[in-house]
Amino acid sequence: MGIIVQKYGGTSVADAEKIKRVAQSVIREKNNGNSVVVVVSAMGHTTDYLVKLAGEVSSSPCNREMDMLLATGEQVSIALLTMAIQAAGHDAISMNAMQVGIITESVHSKARIVEVKTDKLMKHINDGKIIVVAGFQGVTPSGEITTLGRGGSDTSAVAIAAALKADRCDIYTDVEGVYTTDPRVVPNASRLEQVSYDEMLELAYLGANVLHPRSVETAKQFDVPLRVRSTFKLDNMGTLILGVKNMEIYKPVTGVAEDSSQARIVICDVPDRPGVSAKIFSALADKNISVDMIIQSYARQSNNTNDIAFTVSLDDVARTLEILEPIAKELNASNVHVNDNIAKVSIVGAGMVDRPGIAADMFKSLADAGINIKMISTSEIKISCLVDKKDAKAAVKHLHEAFQLGCDEIAEVKGDLPNL
Ligand code: ADP
Ligand code: ASP
Ligand code: MG
């Protein structure tokens, strides 16, 4: 008898009928002879609704109160799912992060988990209970409620699986696995049977929100076998995410991802001397702002200055500008320019390593589609291009086709996109 951690996302528990279906899926795993710990997200678009509500009472709600508010969504779904399991005749108990002991850093709105206590979980497991845990939330050592960042329930599930040394962590969602790109954007995207932790990590960080990036990071670190599968087609095995893929001749590109949640910031005409980049990026790092693509232009001979451009999350733009204002003045920069109408489109694949020409193929495909590239960044297994937001979906479709990632079938996707 093993321990299986299951996680069900918002679409999977969107209404009473779906919660009863999830209860049956949990019981099915229990009847296989396993101990089951279930992690759930808030119902449907509850978290989006709560964010909107906060915006209606305050133009700048503080992060502590946002966490207090958003953490309520998951508390509703754990109680309802536990009731549904109990009504079906099985012993179950719900637990929030404080009751389990999901300890995080003292950072609101995107806290990292530092420890998951296992004593209470193990006690309930040993008593034969199904445990239903609130995803997305944590608690600091001093008892403050935190949240892990949007989509963070996946990370709750993997962290619990790692702490319990579970046999598997199954992420149940509204698609049948991880696809070569978002099947809502490209309906003939192909489902991947297997994908490596490294490729999945890149895809998730670059916008494939089927998995929270930190869940993949944690799975990789603790070797948790991770599966993404459909809540609505329980017999399908979905996608396995693991250390190394089976021996095969890799296609150079495994998937295409899009991230429309970033803005580009350019600081114009800063002096071309040592220490300028260090000053700018240390100030941002000190305030916990993650910077993504960075480009420093070739220095202008005439006045010995250059431009530094980088991208940050749209949520961090206001704080970034606040931090940059005094630095730009000190450096005599002529201007700080923001463009929030951009998107990052990326191709990812372990098969790219040592294969020349992939970048050229990507740029040619975008050029053929008349799409202008504003910034480029590369790593061993990914190439990202910044494009205008209006071009992002077309770019994904063209790249998906150019790298021959499609299949004949049309992927099935349940649930609506949030309509706020
Ligand atoms: P959940 O509520 O179950 O956590 P999410 O909405 O967070 O579900 O993630 C599932 C969604 O991720 C899918 O509906 C799909 O639109 C999107 N998605 C983006 N990229 C991919 C991809 N490469 N493969 C599968 N789904 C993807
Ligand atoms: N409910 C949270 C969100 O919508 C966490 C999650 O779904 O994983 O972001
Ligand atoms: Mg999710």
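Quick caveat, the model's predicted, so the values are computed rather than measured. Numbers here simply count residues along the sequence, with the first being 1. Read the numbers this way: they start at 1 and go in the same order the structure lists the ligands and their atoms.
- For Val228, no heavy-atom contact with ligand 1 is shorter than 4.0 Å.
- Atoms of ligand 2 lying under 4.0 Å from any heavy atom of Arg150, numbered from 1 in the order shown and given with element: 3 (C), 4 (O), 9 (O).
- Ion pairing between a basic and an acidic side chain is recognised when a charged N comes within 4.0 Å of a carboxylate O; Asp368 and Lys364 show such pairing.
- Both the backbone and the side chain of Asn209 come within contact range of ligand 1, each with a heavy atom under 4.0 Å.
- Set against the non-hydrogen atoms of Gly151, the atoms of ligand 2 under 4.0 Å away are 3 (C), 5 (C), 6 (C), 8 (O), 9 (O).
- At under 3.5 Å, not a single nitrogen or oxygen of Ser12, backbone or side chain, sits near a nitrogen or oxygen of ligand 1.
- Judged purely by distance below 3.5 Å, without hydrogens or angles, the side chains of Tyr8 and Ser25 pair a donor atom with an acceptor atom.
- Of all the heavy atoms of His212, none lies under 4.0 Å from any atom of ligand 1, so neither backbone nor side chain is involved.
- Between Asp182 and ligand 1, at least one pair of N/O atoms sits closer than 3.5 Å.
- Between Asn236 and the options Arg229, Glu176, Arg191, a side-chain hydrogen bond (donor to acceptor under 3.5 Å, both in side chains) holds for only Glu176.
- Side chains of Thr155 and His212: a donor on one and an acceptor on the other come within 3.5 Å.
- For the ligand labelled ligand 2, residue Gly152 lies inside the 4.0 Å heavy-atom shell.
- With a 4.0 Å cut-off on non-hydrogen atoms, Pro183 touches ligand 1 through its side chain and not its backbone.
- A donor and an acceptor atom, one from each side chain of Ser106 and Thr140, are nowhere located under 3.5 Å apart.
- Residue contact check for ligand 2: Glu74 places a non-hydrogen atom closer than 4.0 Å to it.
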Begin with the C-alpha distance, continue with both residues' side-chain angles, and end with the deciding distance and a verdict on side chain to side chain contact (heavy atoms under 4.5 Å, CB included) for Leu121 and Val100. CA-CA 7 Å; Leu121 289 174; Val100 173; 3.8 Å; yes
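- At a cut-off of 3.5 Å, with distance as the only test, no side-chain donor of Ser346 or Glu202 sits close to an acceptor on the other residue.
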